[in-house]
Structure formats: structure tokens, C-alpha cells
Protein chains: 2
Amino acid sequence: MAKFKLDETDHHILDMLIENTRTPFTDIAKRLGISAGTVHVRVKKMEEAGIITGSSLMLDYKKLGYSFIAYVGIFLQKTSQTQFVLERINAIPFITVAHVTTGKFNIFCKVRARDTSHAKEIIYMIDDIDGVTRTETMISLEESINDKKRLMHSIFQEI
Amino acid sequence: MAKFKLDETDHHILDMLIENTRTPFTDIAKRLGISAGTVHVRVKKMEEAGIITGSSLMLDYKKLGYSFIAYVGIFLQKTSQTQFVLERINAIPFITVAHVTTGKFNIFCKVRARDTSHAKEIIYMIDDIDGVTRTETMISLEESINDKKRLMHSIFQEI
DNA sequence: GGTGAAAGCACCGAGTT
DNA sequence: AACTCGGTGCTTTCACC
């Protein structure tokens with residue numbers, strides 16, 4: 001949980017790997033003027049420290065037929081039902097992110113669906129969960145992602 | 001934009017790479033009972049088709065000192081200001097995702113910050129953008145991510 | 001904590017079925 | 001389309017600094 005100490009070299013390594021996980025360590029090494037072995041050791045340490053938790057492909061969901069995104073706010077009868085409902089929510093595969101929130105909603109989640117009728121099905125599934133009194137849906141017309149790289153650079157600039 | 005044709009083998013390859021981008025093609029090949037060359041050709045085709053758009057590291061933002069997440073809904077004076085405001089929003093580095101939405105808000109975004117006071121700074125920046133009349137903030141107490149793997153499996157089951 | 005070289009693999013293209 | 005195979009280049013380790 002604590003803030004981990006990373007130096008400038010680590011940040012540069014992360015920046016390059018965030019942009020492309022398969023960047024050869026030899027390339028990184030050349031660019032930073034260090035040896036490939038050093039890059040390897042540093043990456044391994046960041047993995048062991050739990051800073052790097054994994055790697056994943058980025059996919060074009062539109063091309064896969066999933067072009068619909070909505071956010072759904074969920075109201076519960078009682079706050080004590082939150083964990084129960086969250087588990088049910090997480091069991092629905094097209095819900096890609098779920099948050100327990102303060103404020104208006106108890107739970108707030110992101111839905112990725114094929115189209116409006118598919119989204120309707122998913123929202124009905126949410127409505128059917130015990131304890132859910134009501135939902136409120138926001139439909140995304142356009143998504144823009146400021147990817148992780150951006151965040152890393154910011155962190156880097158500030159440390 | 002159209003739905004791309006992927007067979008079962010492609011889906012298995014994607015599943016394994018989504019879980020870990022650096023999974024050796026030889027491992028994938030062994031597990032699927034095909035040759036590593038075939039895996040290579042298929043991945044390349046999916047890259048060329050734009051289905052695989054890249055790869056990225058997954059980081060533990062808490063360990064990097066970024067443990068605060070909020071969603072901010074933005075109200076505008078006029079809908080016609082949307083693109084202008086969106087550009088300003090996207091220029092703020094700690095805003096990791098932004099959506100143009102229907103319904104209550106005009107724009108809806110996700111903020112990743114160090115703590116509450118850092119979040120306050122960011123929200124003030126949003127409020128200061130020309131055309132923004134009001135914002136509404138939801139603070140995340142807990143985030144659970146149903147990662148891409150889950151989605152891929154679902155797609156696979158349905159096709 | 002870093003280096004550099006060497007061994008072990010993986011990648012990737014060409015040619016074949 | 002998929003396979004095999006060989007050259008090339010990347011990763012990973014280790015003795016040394």
C-alpha cells in the first residue's frame with residue numbers, strides 16, 4: 001500500500017513497457033545507456049514488489065462487435081447489501097468495472113455490450129438482483145481514453 | 001467497425017495473451033496442439049486487422065501512491081461546447097477516461113488521484129473550463145475490475 | 001547495483017505439403 | 001492454412017567489477 005521508491009531509470013523502463021509490453025529489453029537498454037541484464041533485474045524487482053501486476057493486450061472492441069458502452073448507477077434498499085450485490089454484479093461478464101461509491105449511488109458500474117438490446121438484457125439482469133431498488137443508466141456516445149502512459153509521465157514529473 | 005471473423009483457435013490465443021502478453025508462442029502452440037509458426041501468423045493477422053491494437057502493463061496504482069478514484073459528471077451550458085470541453089478534459093493527465101454521454105451529464109470522466117486534496121485540485125480544474133456550469137462527483141470506495149479475459153470468454157461463448 | 005559474454009530459447013520468414 | 005526448419009536476435013544467468 002505504501003508508496004514505493006522508483007528512480008528515474010525505473011520510470012523510463014515502465015514508460016517504454018507501458019507503451020508496448022513486448023519492447024525488447026535490449027532496445028530499452030540501448031536507449032537508456034545501460035545493459036539488458038540491468039533492465040531485466042529491475043523489471044523483475046518491480047514484479048516482485050507488486051508494482052507490475054501483469055500485462056494485457058489492448059483490443060479493438062468495436063471490431064469484435066462490442067461497440068456499446070454504458071454506465072449504470074445502482075440504488076440499494078440497504079447499504080449492508082452492498083457486498084452481496086457486488087458479487088452478483090461481478091458475475092455478469094459484460095460488466096467490466098464496478099465501484100462501491102459514496103453519494104447518489106451505492107454501486108456504479110461500466111457495461112460493455114454489443115448493442116442497445118444486449119445492453120437492455122444486462123441492465124435487466126442488474127435490476128433483478130435482490131436488494132436493487134432502481135438503476136440509472138448513462139449511455140456513452142464517445143469514449144476517449146487517456147492511457148496509462150499519460151499517468152505515468154505525470155507521476156514521474158511529480159516525484 | 002464490422003465484426004471480424006475469429007475462430008476458436010484465435011480466441012484461445014487471445015485469451016492466453018490477454019492474461020500475459022509475454023506468453024511464449026511456443027507455449028501457446030503446445031497447449032493448442034499447433035505449431036508456433038501458426039500462432040505467429042495468426043497473431044500477426046489480428047494485429048494487421050486492427051483487432052490487437054497494442055499491449056500494456058498493468059500497474060498497482062496504490063503502490064505508486066495513487067489510491068483515489070472518482071467519477072465526475074459534467075454539465076455544460078450548451079451541448080455544442082462538448083468537443084471543446086472534451087479536449088480540455090483530455091489535457092488533464094489524471095483523467096484517465098472521458099465519455100460524451102446522453103442523459104443527465106454531457107461529459108462523464110474518471111479521475112485517478114493521490115488523495116482527496118489532489119482530487120479537489122483536479123475537480124477545480126474541470127470547474128474552471130469555459131462552458132462548464134457544474135460538476136457532480138462520485139467517490140469510489142472500492143474498485144473491482146472484471147478484466148478483459150472475462151469479456152473475451154463471453155464473446156467466445158456466444159459466437 | 002551494474003556489466004558483458006555465453007548459453008538457451010523464441011521469433012519469424014522461407015520453402016514445402 | 002499449417003508445418004518444419006534455420007538464421008537471427010532476445011532473454012537470462014553468472015562471474016566479475
Side-chain angles (χ1 to χ4, degrees), chain A residues 2-60 63-65 148-149 152 155-157 159, chain B residues 2-60 63-65 148-149 152-153 155-159:
Chain A
K3 202 155 163 180
F4 199 88
K5 290 281 162 273
L6 298 179
D7 65 11
E8 203 170 320
T9 305
D10 291 323
H11 279 283
H12 281 125
I13 293 171
L14 284 181
D15 275 345
M16 293 175 83
L17 289 177
I18 283 167
E19 191 134 12
N20 175 10
T21 313
R22 289 186 110 104
T23 312
F25 289 0
T26 46
D27 283 10
I28 297 175
K30 260 179 236 159
R31 217 153 142 201
L32 299 182
I34 55 180
S35 76
T38 302
V39 175
H40 179 244
V41 169
R42 280 173 177 260
V43 169
K44 216 170 169 187
K45 274 187 190 164
M46 290 190 279
E47 283 170 352
E48 280 160 9
I51 290 182
I52 296 174
T53 57
S55 64
S56 190
L57 284 191
M58 291 162 69
L59 302 173
D60 185 331
K63 291 210 170 126
L64 291 166
K148 295 166 186 172
K149 183 191 161 193
M152 273 315 291
I155 294 173
F156 177 48
Q157 283 160 13
I159 282 172
Chain B
K3 201 158 164 177
F4 199 88
K5 290 282 162 274
L6 297 180
D7 66 11
E8 202 171 318
T9 305
D10 292 322
H11 279 284
H12 281 125
I13 293 171
L14 284 182
D15 276 345
M16 293 176 81
L17 289 177
I18 283 167
E19 191 133 10
N20 175 10
T21 314
R22 290 186 112 104
T23 312
F25 289 0
T26 47
D27 284 9
I28 297 175
K30 261 179 236 158
R31 215 153 145 200
L32 300 182
I34 56 180
S35 79
T38 302
V39 175
H40 177 241
V41 169
R42 281 172 177 263
V43 169
K44 215 172 168 188
K45 275 187 191 165
M46 291 190 278
E47 281 170 353
E48 279 161 8
I51 289 181
I52 296 173
T53 57
S55 63
S56 191
L57 282 191
M58 291 162 69
L59 302 174
D60 185 332
K63 290 208 171 130
L64 290 166
K148 294 164 184 172
K149 183 190 162 195
M152 273 315 291
H153 275 121
I155 293 174
F156 177 50
Q157 283 160 13
E158 295 193 10
I159 282 174

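Remember, it's a predicted structure, so these values are computed and weren't measured experimentally. Proteins come first, then strands; the chains are lettered A, B, ... in the order of their sequence lines, and each starts at number 1.
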_Rounded distance (Å) that lies between atom C1' of dC11(C) and atom CZ of Phe25(A)_ = 16 Å
*Nearest-Å distance, CG (Asn20(B)) to P (dT11(D))?*
14 Å
*Test log, rule side chain to side chain contact (heavy atoms under 4.5 Å, CB included), inputs Asp10(B) and Ile51(B)*: CA-CA 11 Å; Asp10(B) 292 322; Ile51(B) 289 181; over 6 Å; no
*Chi angles and distances behind the side chain to side chain contact (heavy atoms under 4.5 Å, CB included) call for Asp27(B), Lys30(B)*: CA-CA 5 Å; Asp27(B) 284 9; Lys30(B) 261 179 236 158; 4.2 Å; yes
*asked:* As a test of reading the structure: which of dC10(D), dT3(C), dC3(D) is closest to the side chain of Ser35(B), going by heavy atoms?
replied: dC3(D)
*asked:* Looking at every non-hydrogen atom in both residues, tell me the closest pair between Leu59(A) and Thr53(B) and how far apart they are.
replied: N-OG1, 3.9 Å
*Would you kindly compare Gly33(A) and Arg22(A) by the position of their nearest DNA chain C nucleotide and give the one closer to the 5′ end?*
Gly33(A)
*Out of dT13(D), dA1(D), dA10(C), which nucleotide sits closest to the side chain of Arg42(B)?*
dA1(D)
*Decide yes or no for Leu6(B) and Met46(B): does some side-chain heavy atom of the first lie under 4.5 Å from some side-chain heavy atom of the second?*
yes
*Taking the side chain as C-beta and beyond, is there a heavy-atom pair between Leu14(A) and Ile52(A) under 4.5 Å?*
yes
*Please state how far atom CG in Asp27(B) lies from atom P in dC11(C), giving the value in whole angstrom units.*
9 Å
*Whole-Å gap separating P (dG1(C)) and CD (Glu48(A))*: 12 Å
*Using atom CD1 of Ile28(B) as one end and atom C1' of dC3(D) as the other, report the distance to the nearest whole Å.*
17 Å
_Nearest to side-chain heavy atoms of Lys45(A), which nucleotide of dA10(C), dC10(D), dG1(C)_ = dG1(C)
*asked:* With each end axis built from five pairs of C1' atoms, what bend angle do you get for the helix from dG1(C)-dC17(D) to dT17(C)-dA1(D)? Round to 10°.
replied: 30°
*Atom-pair distance (NE2 on His40(A); P on dT3(C)), nearest Å*: 15 Å
_Smallest separation among heavy atoms of Phe25(B) and Arg22(A), with atom names_ = CE1-NH2, 3.4 Å
*Which nucleotide in the list dT12(D), dT13(D), dC10(D) gets nearest to the side chain of Lys44(A)?*
dT13(D)
*Shortest non-hydrogen contact from Ala29(B) to Ala36(B)?*
CB-N, 3.4 Å
_Rounding to an integer number of Å, can you tell me how far Lys30(B) NZ sits from dC11(C) P?_
11 Å
